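Here the structure is laid out as structure tokens; the discussion comes afterwards.
All chains are named by letter (A, B, ...) in the order of the sequence lines, taking the proteins before the strands, and each is independently numbered beginning at 1. Worth saying up front: this structure is predicted, and the values here are computed from it rather than measured. Just so it is clear, the values below take in all heavy atoms, side chains as well, and ignore hydrogens, waters and symmetry mates.
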Amino acid sequence: MRYPARRIEKKWQQRWQKEKTYEVSISDRPKYYVLDMFPYPSGAGLHVGHPLGYIASDIISRHKRMQGYNVLHPMGYDSFGLPAEQYAIQRGIHPQRATEENIEKFRGQLENIGLSYDWSRELKTSDPRYYQWTQKIFLLLYGHFYDTDADGARPIDQLESYFDKNGSEGVPAIGGEELDFTALEWRNMDRKEREEVLMNYRLAYRKISYVNWCEALGTVLANDEVVNGVSERGGHPVIQKPMLQWSLRITAYAERLAAGLQELDWSDALIAQQKNWIGRSEGATIRFDLQDVSGSIEVFTTRPDTLYGCSFMVLAPEHDAVGKLTTSSQEKEVQQYIDYASSRSEIERMSDKKVSGAFTGGYATHPLSNKPLPIYISEYVLKDYGTGAIMAVPAHDERDQAFARHFDLPIPQVVDQSEYPGASPQDKVGKMIHSEFLNGMSVEKAIEAAIVALEKEKNGRRTINYKLRDANFSRQRYWGEPFPITYDTEGVPHTVPFEELPVRLPKLEKIQQKEGKSPLSFADDWVQMENGHRREVDTMPGFAGSSWYFLRYMDPHNEGEMFSRDAVDYWRDVDCYVGGTEHAVGHLMYARFWHKFLYDLGKVPTKEPFRKLINQGMIQGRSLLLDITQRNQQRSIHVPIDRADEKDRLFKSDFLELQAEDRRFEGIDAERDLPWQFDEEQRAFLPLRADIEKMSKSKHNVVNPDDVIEEFGADGFRMFEMFLGPIEDHKPWDTQSITGIVKFLHRCYDLYFT
RNA sequence: GCCGAAGUGGCGGAAUUGGUAGACGCGCUGGAUUCAAAAUCCAGUGGUAGCAAUACCGUGUGGGUUCGAUUCCCACCUUCGGUACCA
């Protein structure tokens, strides 16, 4: 007898819903928290790839429940974001409405799969009852600085009292740049000046940063809308445009974010990606005094041992000291080079790494040998890494050597075993030579000795450097969290008091982005406040809401606070987190950062939010492509899979239908441009090329789980996805072999009901 | 270039404190059922030789450790993912 899957599944799904089977609350049983990365509710709905992770986490949840754990297993929606906004601009449907509709569709599909979520805890990041707390965390970040003595976040007023007493001298805080003022100067500053000083230390702060500006589209683009230096839509050039924007000082947490990785049960690949992104490297900062002009240049190096091998210096073309260093005879050449470097786009720099640079005419003094070192500028030194300046050691660094050869500079060797050309600075082997007091030491010992000597001479210090950059937190978009910030007539930022949150997103009739202005700037009534202040018109980025949602699930209906102490003391952290690798360095890094910040504030008891992480692979779709050659131009068009026959052929009548419906087929001459073939019955068909690719609407290869469940039942669908292969692997959806699983289910049923 | 992961039948893939390689499924072959088909059920299915019992070969390649290696060690090749002038 056939297993009547749908009848039985519907009965139980309804009963779970009626009896609230999977709703949980704090109890004296041990807890287990299983979390899926919540989806962005796109208009396309779920395809069979999405539930792979949800099914796996559901199996873990049910297993843990059977073992006696009190299992928290919630689901929600990351419902702010760009696609809803673009859809709104194109179709005139408000993102609020589109999002609501999409969530309805998602929830229906998820319920159909029979996942054991506690639906009473469902949350949406675009809900004011949720985003008021996202705004509050922003205000907390704004109201704190990173105290290096306490090694954690502390209220900004503690910094103010420090300035009152000591000025900037020895301030134990991580700041953007080093400031220098006395206590008296601080006390004499007006509000605006003080605010500028504090901005340098706040964990959420405003500074000039660069956005992707597309002149042709007249708009600011997100990073993923820029592909290879041009806009994804239209292929127009994109330039970097400076704008005053909010940033988060994630770099203050770099050390703890790197160190915390050790205690996580994550895959090696993911740990490696995070490590790489943080880019921690140990070394020294060394000061080189300038000759003829006052001042000095600091460089960062991981190889202070090779200091005696330094024969010149190189600055990034944008380095602050370039102006004063440049001698009048070199001025023209330097200016030409700066113009050249700034005209080079990202793509050009990446594809064409030729040696180039210019001599400034200036010299620095070697801090140990006192020899003069010529100072060059070159684009191979990056303004954003280290100090934007290097000491060049051409004998033991490939790039420095190429530069030295090009400009005919000396290449003194200081390590004996290091291979002469192209030796990597990472190869810390060999003994020191031609290096005065370092001679004969191993590289490892010499690094230490050099740092000690530099610190003694007060022209250098031990330094740990990070690749990690502060996170840009402003978006010139509508569909995101408004900032709880207003500006007075002098442009000084003010916070909206906690009790006035949420700052609600105003409903706009028309969402527009003109001349690089945010859509909210056109909402005059909202922007202009009665007290004369104007509201911040940018919104927060997509990662804001997703950086703490796992905490809100613990206490989702709390109206008085983001979550209660009791809830977070019981549920603590996520025991098992399931999601895709695409969030390896974005979401997972920001969430860990916010969690550590909340830990510093004593709001959460754990240092890391996600104990164990499983990255499910992608389920790919089989797509069919029609290759055509038109006027000697090759191109391929995706053909909906259900239009082809089982031999991947597209018959002429189907092609003509497609051509009438689908504008992608416009302009093709059915007779002339297509490689028609004929079957035994002399019917014309086109051979299609099959390809395994990511499932997406645009590729016409999407399989909807609802269809699969209707045919084979939720259990058949779930088991099949689990049997497809290892959870972490990418693998193509293959409808053919699902029958084996379904037969198995029927046979099980037959054991009891024949 | 650097970092990470992985290479097993026609296909997806099992098996690791070192102990019968190929579980389970797809596909294929033969059979049962049927007027016929679909569906279902039974049997077989790594390669080579043989009627057969059986023998030999076999987990990317080449070495090594071991009574015994898909599993451990060394070198290399290939594929995938990340990252890239990071000092």
| Is it true that A:Arg462 and A:Glu448 have a side-chain N and a carboxylate O under 4.0 angstrom from each other? |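 Yes, charged N to carboxylate O under 4.0 Å.
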| Ion pair A:Lys207/A:Asp470, N-O distance below 4.0 Å | no
| message | Taking only side-chain N and O atoms of A:Lys467, does any of them lie within less than 4.0 angstrom of OP1 or OP2 on B:rA84? | response |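 Answer no for this pair, as no side-chain N or O of A:Lys467 is under 4.0 Å from OP1 or OP2.
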| query | Does the side chain of A:Arg747 get closer than 4.0 angstrom to OP1 or OP2 of B:rC41 through an N or O atom? | reply |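 True: A:Arg747 side-chain N/O within range (under 4.0 Å) of B:rC41 OP1/OP2.
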| message | Taking the six-membered ring for Trp, are A:Phe312 and A:Phe403 closer than 6.0 Å centroid to centroid? | response | yes
If you check the [X] side chain, which of [options] turns out closest?
X	options	answer
A:Pro726	B:rG13, B:rC85, B:rA5	B:rG13
A:Ala272	B:rG4, B:rG82, B:rG25	B:rG4
A:Ser737	B:rG25, B:rA14, B:rC86	B:rG25
A:Arg399	B:rC41, B:rC24, B:rC86	B:rC86

Pairwise [atom1] distance for [N] and [M], with rounding to whole Å:
N	M	atom1	answer
B:rG19	B:rU78	C1'	31 Å
B:rU8	B:rG13	C1'	9 Å
B:rA23	B:rG47	P	13 Å
B:rA55	B:rG10	P	23 Å

| On RNA chain B, nearest-nucleotide positions of A:Leu270 versus A:Ile390: which is more 5'? | A:Leu270
| note | Whichever of A:Ile741 and A:Met391 has the more 5' nearest nucleotide on RNA chain B, that residue is A:Ile741
| field | Derivation of the side chain to side chain donor-acceptor pair (under 3.5 Å) call for A:Gln291 and A:Thr365 | value | CA-CA 7 Å; A:Gln291 299 190 346; A:Thr365 309; 3.1 Å; yes
| said: Categorize A:Lys743 for me: base, sugar-phosphate, or nothing, with a 4.0 angstrom heavy-atom threshold over every strand shown. | reply: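 Sugar-phosphate contact only.
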| query | Is the glycosidic angle of B:rG9 within 90° of 0, making it syn, or outside that range, making it anti? | reply | syn
